[in-house]
Participant: 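This is the structure, below, for whatever I ask next.
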Amino acid sequence: MATKWSEGVGSTGCDLLRRMEVGASRAATPSVAFGDISPSRGESARAVAIVAETAADIAAREVLLDLAMGPKRKTKSSEKLRRGRRPSEGLAFVARDAKGAIMGSVRLWDVTLGEGGPAALLLGPLAVDPSLKNAGIGSALMRHAVAEAARLGHGAILLVGDAPYYQRFGFSSEKTGSLAMPGPYERHRLLALELVDGALEGTRGTLKAAGRKLKAQTVAA
């Protein structure tokens with residue numbers, strides 16, 4: 001049966017989702033069963049599900065990020081676009097095992113591309129428990145995040161990361177040459193994926209934070 005793609009997803013996004021074998025029905029569900037992690041790597045077999053992050057996950061997520069990325073993670077230029085903001089609506093996910101423990105995390109943030117430029121998403125951080133680094137959890141989180149962003153009608157996703165890893169999800173630096181991060185970064189690591197054809201055409205300037213702000217009494221995540 002042919003898959004029906006959501007409105008706002010251009011042919012680029014549709015082709016990507018087909019390549020990732022993520023259907024619209026899967027993207028629309030609040031959780032995705034990832035399957036079993038093979039014990040052949042010395043791990044215990046466990047089922048992992050990708051679900052929407054909740055407020056109760058904040059402390060465990062921060063521990064995971066510190067463990068996976070180190071204490072300097074908050075000094076990166078991407079953090080300037082996240083500080084004081086909430087993730088884009090419906091685009092914060094965790095990978096949870098059968099016991100409820102958080103094995104991975106990914107969040108996407110609303111940004112604008114230059115002064116008065118179009119809206120887009122900034123992905124990050126993507127983190128997985130180091131003990132499960134090669135279990136495919138990061139890939140599952142990426143596929144789910146991209147599929148949900150496309151389903152919700154977003155035009156493009158940007159990130160700062162290693163091209164050899166993220167190119168498998170369709171990201172490249174091909175259309176980021178006229179864009180910049182608000183702080184030190186390696187230009188070749190600014191990557192983007194169009195979910196709607198032409199979403200990045202003519203974009204230029206420095207990425208700026210957008211979207212929902214954290215309330216004063218809320219601890220910044």
Participant: To the nearest 0.5 Å, what is the distance between CE (Met181) and OG1 (Thr176)?
Facilitator: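 Between Met181 CE and Thr176 OG1, I get 11.0 Å after rounding to 0.5 Å.
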Participant: Any sub-3.5 Å donor-acceptor pair from Lys208's side-chain atoms to Gly114's backbone N or O?
Facilitator: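 Side chain of Lys208 to backbone of Gly114, a donor-acceptor pair under 3.5 Å: no, none is there.
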Participant: Could you pull out the closest heavy-atom pair between Ala199 and Gly155, with the gap in Å?
Facilitator: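 Distance-wise, the nearest heavy atoms are CB-O, 3.4 Å.
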Participant: Should Leu132 and Val63 be counted in the same cluster of Ile, Leu, Val, Met, Phe, Trp and Tyr side chains packed under 4.5 Å apart?
Facilitator: no
Participant: Which heavy atom in His154 sits nearest to a heavy atom in Leu121, and how many Å separate them?
Facilitator: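 Looking at all heavy atoms of both residues, the closest pair is CG-CD1, 3.5 Å.
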Participant: Please check this pair: side chain of Arg168 against backbone of Tyr165, looking for a donor-acceptor N/O pair closer than 3.5 Å.
Facilitator: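 Yes; judged by distance alone, with no hydrogens or angles, the pair exists.
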Participant: Could you give the distance from OG (Ser78) to CG (Leu159), rounded to the nearest 0.5 Å?
Facilitator: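 One gets 8.5 Å once the value is rounded to the nearest 0.5 Å.
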Participant: I need the minimum non-hydrogen distance between Pro118 and Thr203, along with the two atoms involved.
Facilitator: CG-CG2, 3.6 Å
Participant: Side chains of Arg187 and Tyr185: do they bring a donor and an acceptor to under 3.5 Å?
Facilitator: yes
Participant: Using the rule given for side chain to side chain contact (heavy atoms under 4.5 Å, CB included), can you reason through Leu108 versus Leu122, listing the C-alpha separation, both sets of side-chain angles and the distance that settles it, and then say yes or no?
Facilitator: CA-CA 5 Å; Leu108 294 93; Leu122 179 71; over 6 Å; no
Participant: Hey, are the side chains of Arg86 and Lys213 touching, using non-hydrogen atoms and a 4.5 Å cut-off?
Facilitator: no
Participant: Could you go step by step and tell me if Glu115 and Arg204 meet the salt bridge (Lys or Arg N to Asp or Glu O under 4.0 Å) rule?
Facilitator: CA-CA 9 Å; Glu115 191 67 40; Arg204 59 189 311 108; over 6 Å; no
Participant: Would one find more than 12 heavy atoms of other residues, nucleotides or ligands at under 6.0 Å from atom CZ of Arg212?
Facilitator: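 Enclosed.
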Participant: For residues Ala210 and Thr112, report the shortest heavy-atom separation together with the two atoms involved.
Facilitator: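 Shortest heavy-atom separation between Ala210 and Thr112 comes out as CB-CG2, 4.1 Å.
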Participant: Any idea which heavy atoms bring Leu191 and Phe171 closest together, and the distance?
Facilitator: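 Closest heavy-atom pair between Leu191 and Phe171: CB-CB, 4.1 Å.
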Participant: Just wondering, do Asp66 and Arg73 contact through their side chains at under 4.5 Å, heavy atoms?
Facilitator: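 A side-chain contact under 4.5 Å exists here.
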Participant: Using modelled atom types only, decide if a donor and an acceptor are shared between the side chain of Asp97 and the backbone of Ala101 within a distance under 3.5 Å.
Facilitator: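 A pair under 3.5 Å: yes.
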Participant: Can a salt bridge be assigned to the pair Arg85 and Asp110 using a cut-off of 4.0 Å between side-chain N and carboxylate O?
Facilitator: no
Participant: Does Phe93 reach the side chain of Val51, with side-chain heavy atoms less than 4.5 Å apart?
Facilitator: no
Participant: Side chain to side chain contact (heavy atoms under 4.5 Å, CB included) for Met142 and Leu126? Distances and angles first, verdict last.
Facilitator: CA-CA 8 Å; Met142 281 295 299; Leu126 169 69; 3.6 Å; yes
Participant: Would you call Glu53-Arg96 a salt bridge at under 4.0 Å N-O?
Facilitator: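 A salt bridge is absent here (no side-chain N lies under 4.0 Å from a carboxylate O).
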Participant: Stepwise, does the side chain to side chain contact (heavy atoms under 4.5 Å, CB included) test hold for Met103 with Ser131?
Facilitator: CA-CA 9 Å; Met103 301 288 99; Ser131 68; over 6 Å; no
Participant: Would you find a donor on one side and an acceptor on the other, under 3.5 Å apart, between the side chain of Trp109 and the backbone of Leu81?
Facilitator: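 Side chain of Trp109 to backbone of Leu81: no pair is present.
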Participant: Does any non-hydrogen side-chain atom of Pro125 lie less than 4.5 Å from one of Met69?
Facilitator: yes
Participant: In the structure I gave you, are the side-chain heavy atoms of Ser139 and Phe169 within less than 4.5 Å of one another anywhere?
Facilitator: yes
Participant: Considering only NZ, NE, NH1 and NH2 on the basic side and carboxylate oxygens on the acidic side, decide whether Arg82 and Glu79 come within less than 4.0 Å.
Facilitator: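 Salt bridge present between Arg82 and Glu79.
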Participant: Kindly compute the distance separating CG (Leu193) from OG (Ser172), expressed to the nearest 0.5 Å.
Facilitator: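 Answer for the CG-OG pair, Leu193 versus Ser172, is 8.5 Å.
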Participant: Nearest 0.5 Å, please: how far is CG in Leu91 from CG in Leu123?
Facilitator: 9.0 Å
Participant: Just verifying a value: how many Å separate Leu179 CG and Thr206 OG1, rounded to the nearest 0.5 Å?
Facilitator: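 So the gap between those two atoms works out to 8.5 Å.
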Participant: Rounded to the nearest 0.5 Å, how far does CZ of Arg107 lie from CG of Leu65?
Facilitator: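 Reported value, rounded in 0.5 Å steps: 8.0 Å.
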Participant: Is there a side chain to side chain contact (heavy atoms under 4.5 Å, CB included) between His188 and Ser173 once you walk through the steps?
Facilitator: CA-CA 6 Å; His188 68 278; Ser173 60; 5.6 Å; no
Participant: If I compare all heavy atoms of Ala120 with all of Leu158, which pair ends up nearest, and what's the gap?
Facilitator: CB-CD1, 3.9 Å
